Amino acid sequence: MENHFGGSSSSSDDESALAIIMPPPCNQHTINEDEIIDLDAIDNHHHRRRRRNNHHRRQLHNSGYPAIIDAIRGGPGILIDLVDRSSSAISIDRAAEEDAAAAAAVASGICDPNRVRTYKDMFRYASDLSDGMPMNIHQDLDALSFTDERRKFLSNVFSTMSVNVHEELNNSINILFDNNKQVVEHEFAFDVIVEYVENIDYANDFEKLGGFHIFLPCIRSEHPSVRIKTCELITTLVQHNPYCQEKFMENTNYLRALISMVENDPNDEVRIKALSAISSLVRENVNMFWPFIDLGGKDLIISSLKSPIKKLKIKTVFLISSTSHLGSDVVEMYVDNGVVEIISSIIMSMEKNIESFDHELFLSTLSKLIRMSPVRVKEICSSLEEFKPALTSLRDSYSNDAKYKDEMDQISWLMETLKL
């Protein structure tokens, strides 16, 4: 059983778990989100404690669990008015008495905030609030008695804060396999899965639960949103995750389906997301890259570079740039298949056709190819008659604007290296 509180997870039975957020100390009572009455503040000597306790109050409100406050004070939906606003100021003697009582309670081990570290401690703390701590501020003690019903309610509150991640993943997988579910239910199931598999351990668990079997049915969905979310899920699962990468490649039909989506899907956004998934799979793992090339990746790269879809073209250049470091054989494959000529032609038309914030990516990618295969790439670029004038015109179009410094530096390096 996994417990989630404030974005962290820990076992509910682990006594060494992370400290949970404390409720307000016993002599403080929250009135609303922005207002708090601190009885000790009447005595100027107690201002420091008010600031400390006020910090605990803000933490509890930010935690998003107001039901705990209700449970401690008397059950769900009950707001106990512990302060009579119309009465005169409570005497300093009364406040001093309460401080003495609180000190005695802490000394006896009752209601000791410093001992609260886990949900079990939280429950014991809540019990101590009613069983051992005097709260004699115009209140009816019977109304605050911690009955079995209220104990049960508080226990239920804690149970709702616990999440069985495997159960959540399994339920979402079953929803995606159910063709009778509405598309919005499928989309929500994807959202639930992605929320958990961003954690690499849960990503691996997702595969072990049979989650990869949803890929092909969802890739074939008639709904573009489902196909998009499938690609996004694959991207999250395989990115920087060797285990999921290897499991994904055990069934080459998954990668074939992604390649087909990039090349043939009628929805441009689906094509872009599919290429992103492929890029996440291959760009850091040469053992994934070459099977991708053998399954048709080489033709996909060339056709996507020539695509009129600007985002698809940019994603392809990023893929080339991020795989150039995998080895000289990878770069030679790019050079052999005309990648240098295509990127050079794109650079030559960038002044008119590509937005300025993409210029650096294209220029730096060509620079990487030159560094990895200097002789052949220099020869190709030098043979392009319009390449030098295009670079000069592009550099001049930046008008020495500081925000284009990286682009101008890239152009200067290319012209110097290529002796243009």
Side-chain angles (χ1 to χ4, degrees), residues 163-285 288-289 291-292 295-297 300 303-304 307 309 311-312 315-316 319:
V163 177
N164 186 322
V165 177
H166 288 177
E167 183 178 346
E168 291 284 312
L169 291 175
N170 197 56
N171 289 340
S172 297
I173 291 169
N174 290 335
I175 289 173
L176 293 174
F177 274 124
D178 191 345
N179 293 328
N180 295 322
K181 297 293 185 181
Q182 298 294 321
V183 64
V184 293
E185 295 178 271
H186 286 167
E187 292 171 356
F188 182 76
F190 274 114
D191 292 340
V192 171
I193 293 172
V194 169
E195 179 181 354
Y196 292 118
V197 300
E198 288 178 350
N199 179 308
I200 192 170
D201 292 328
Y202 290 148
N204 296 344
D205 290 343
F206 175 79
E207 188 280 329
K208 294 172 185 177
L209 289 169
F212 280 21
H213 294 302
I214 69 171
F215 292 154
L216 293 179
C218 291
I219 284 174
R220 298 174 184 135
S221 172
E222 62 179 314
H223 304 287
S225 62
V226 173
R227 300 199 300 274
I228 287 172
K229 286 187 175 292
T230 305
C231 295
E232 291 175 341
L233 174 58
I234 294 172
T235 299
T236 303
L237 288 165
V238 303
Q239 189 163 251
H240 310 303
N241 188 338
Y243 174 83
C244 282
Q245 289 175 351
E246 292 176 6
K247 291 297 181 180
F248 187 86
M249 289 300 294
E250 286 181 1
N251 186 343
T252 58
N253 287 329
Y254 297 153
L255 184 53
R256 292 179 190 275
L258 289 177
I259 292 173
S260 177
M261 292 173 80
V262 176
E263 294 177 334
N264 304 312
D265 199 280
N267 185 286
D268 289 350
E269 186 66 19
V270 173
R271 299 177 66 182
I272 294 166
K273 293 294 185 180
L275 185 56
S276 293
I278 293 173
S279 180
S280 296
L281 175 69
V282 306
R283 65 173 177 253
E284 299 294 337
N285 193 331
M288 302 293 114
F289 178 80
F292 159 64
L295 290 172
L300 178 146
S303 62
S304 297
S307 171
I309 305 171
K311 286 186 177 181
L312 189 63
K315 287 285 185 182
T316 307
L319 173 60

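What you see is a predicted model; the values in this text were computed from it and never measured. In this chain, residues are counted from 1 in sequence order. Reckoned from all heavy atoms, side chains included, excluding hydrogens, waters and symmetry mates.
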Legend entry - Asn251 CG to His213 NE2 distance, which is reported to the nearest 0.5 Å: 8.5 Å
Legend entry - Side-chain heavy-atom pair Phe248, Leu237 within 4.5 angstrom cut-off: no
Inset, instruction - Please answer whether the main-chain N or O of Ser221 pairs with a side-chain N or O of Arg227 as donor and acceptor at a distance below 3.5 Å. - result: yes
Inset, instruction - Apply side chain to side chain contact (heavy atoms under 4.5 Å, CB included) to Ala257 and list each qualifying residue two or more places apart in sequence or on a separate chain. - result: Leu216, Ile219
Legend entry - Nearest heavy-atom neighbours spanning Asp191 and Lys229: OD1-NZ, 2.9 Å
Inset, instruction - Looking only at non-hydrogen atoms, find the nearest pair between Gly296 and Glu263 and report the distance. - result: O-OE2, 4.4 Å
Inset, instruction - Would you give the length of the straight line joining atom CG of Leu281 to atom CG of Asn241, rounded to the nearest 0.5 angstrom? - result: 10.5 Å
Inset, instruction - Please report the closest heavy-atom contact between Phe206 and Val197, naming both atoms and the distance. - result: CB-CG1, 3.9 Å
Inset, instruction - Just grab all the salt bridge (charged side-chain N to carboxylate O under 4.0 Å, His left out) pairs involving residues 193-216, residues at least two apart or on different chains. - result: none
Inset, instruction - Verify the neighbour count for atom CZ of Phe177: are there more than 12 heavy atoms of other residues, nucleotides or ligands below 6.0 Å? - result: yes
Legend entry - Atom pair CG/CG of Asp265 and Leu258 - distance to nearest 0.5 Å: 11.0 Å
Legend entry - Close side-chain approach of Ile214 and Leu233, heavy atoms under 4.5 Å: yes
Legend entry - Aromatic ring pairing Tyr196/Tyr202, orientation class (parallel under 30°, perpendicular over 60°, tilted between): perpendicular
Inset, instruction - Could you tell me whether the side chain of Leu300 reaches within less than 4.5 Å of the side chain of Phe292, counting heavy atoms only? - result: yes
Cut-off 3.5 Å, no hydrogens considered: what does the side-chain donor-acceptor table look like for residues 270-279, sequence neighbours left out?
from: Arg271; atom 1: NE; to: Val262; atom 2: O; distance (Å): 2.6
from: Arg271; atom 1: NH2; to: Val262; atom 2: O; distance (Å): 3.2
from: Lys273; atom 1: NZ; to: Glu232; atom 2: OE2; distance (Å): 3.3
from: Ser276; atom 1: OG; to: Ile272; atom 2: O; distance (Å): 3.2
from: Ser276; atom 1: OG; to: Lys315; atom 2: NZ; distance (Å): 3.2
from: Ser279; atom 1: OG; to: Arg283; atom 2: NH1; distance (Å): 3.0

Inset, instruction - Mind checking the SG-CD spacing from Cys244 to Gln239? Nearest 0.5 Å is all I need. - result: 12.0 Å
Legend entry - Pairwise distance CD1(Ile175) to CG(Asn170) - rounded to 0.5 angstrom: 10.5 Å
Inset, instruction - Please list, chain by chain and in numerical order, all residues satisfying ring pair (Phe, Tyr, Trp, His ring centres under 6.0 Å) with Phe190, sequence neighbours excluded. - result: none
Legend entry - CD1-CG distance between Ile309 and Asp268, expressed to the nearest 0.5 angstrom: 3.5 Å
Inset, instruction - If a pair satisfies side chain to side chain donor-acceptor pair (under 3.5 Å) and one of its residues is in residues 175-190, list it, with sequence neighbours excluded. - result: Glu187-Ser225
Inset, instruction - Indicate the ring-plane relationship of Phe212 and Tyr254, choosing parallel, tilted or perpendicular according to the 30° and 60° boundaries. - result: perpendicular
Inset, instruction - Identify the residue among Ile228, Asn267, Val184, Val183 that makes a side chain to side chain contact (heavy atoms under 4.5 Å, CB included) with His223. - result: Val183
Inset, instruction - Could you check if a side-chain atom of Ile193 sits within less than 4.5 angstrom of a side-chain atom of Leu176, using non-hydrogen atoms only? - result: yes
Inset, instruction - Output all residues satisfying salt bridge (Lys or Arg N to Asp or Glu O under 4.0 Å) with Glu222, sequence neighbours left out; order by chain, then residue number. - result: none
Inset, instruction - Heavy atoms only: give me the nearest Gly297-Ile259 pair and the separation to one decimal. - result: N-CD1, 4.4 Å
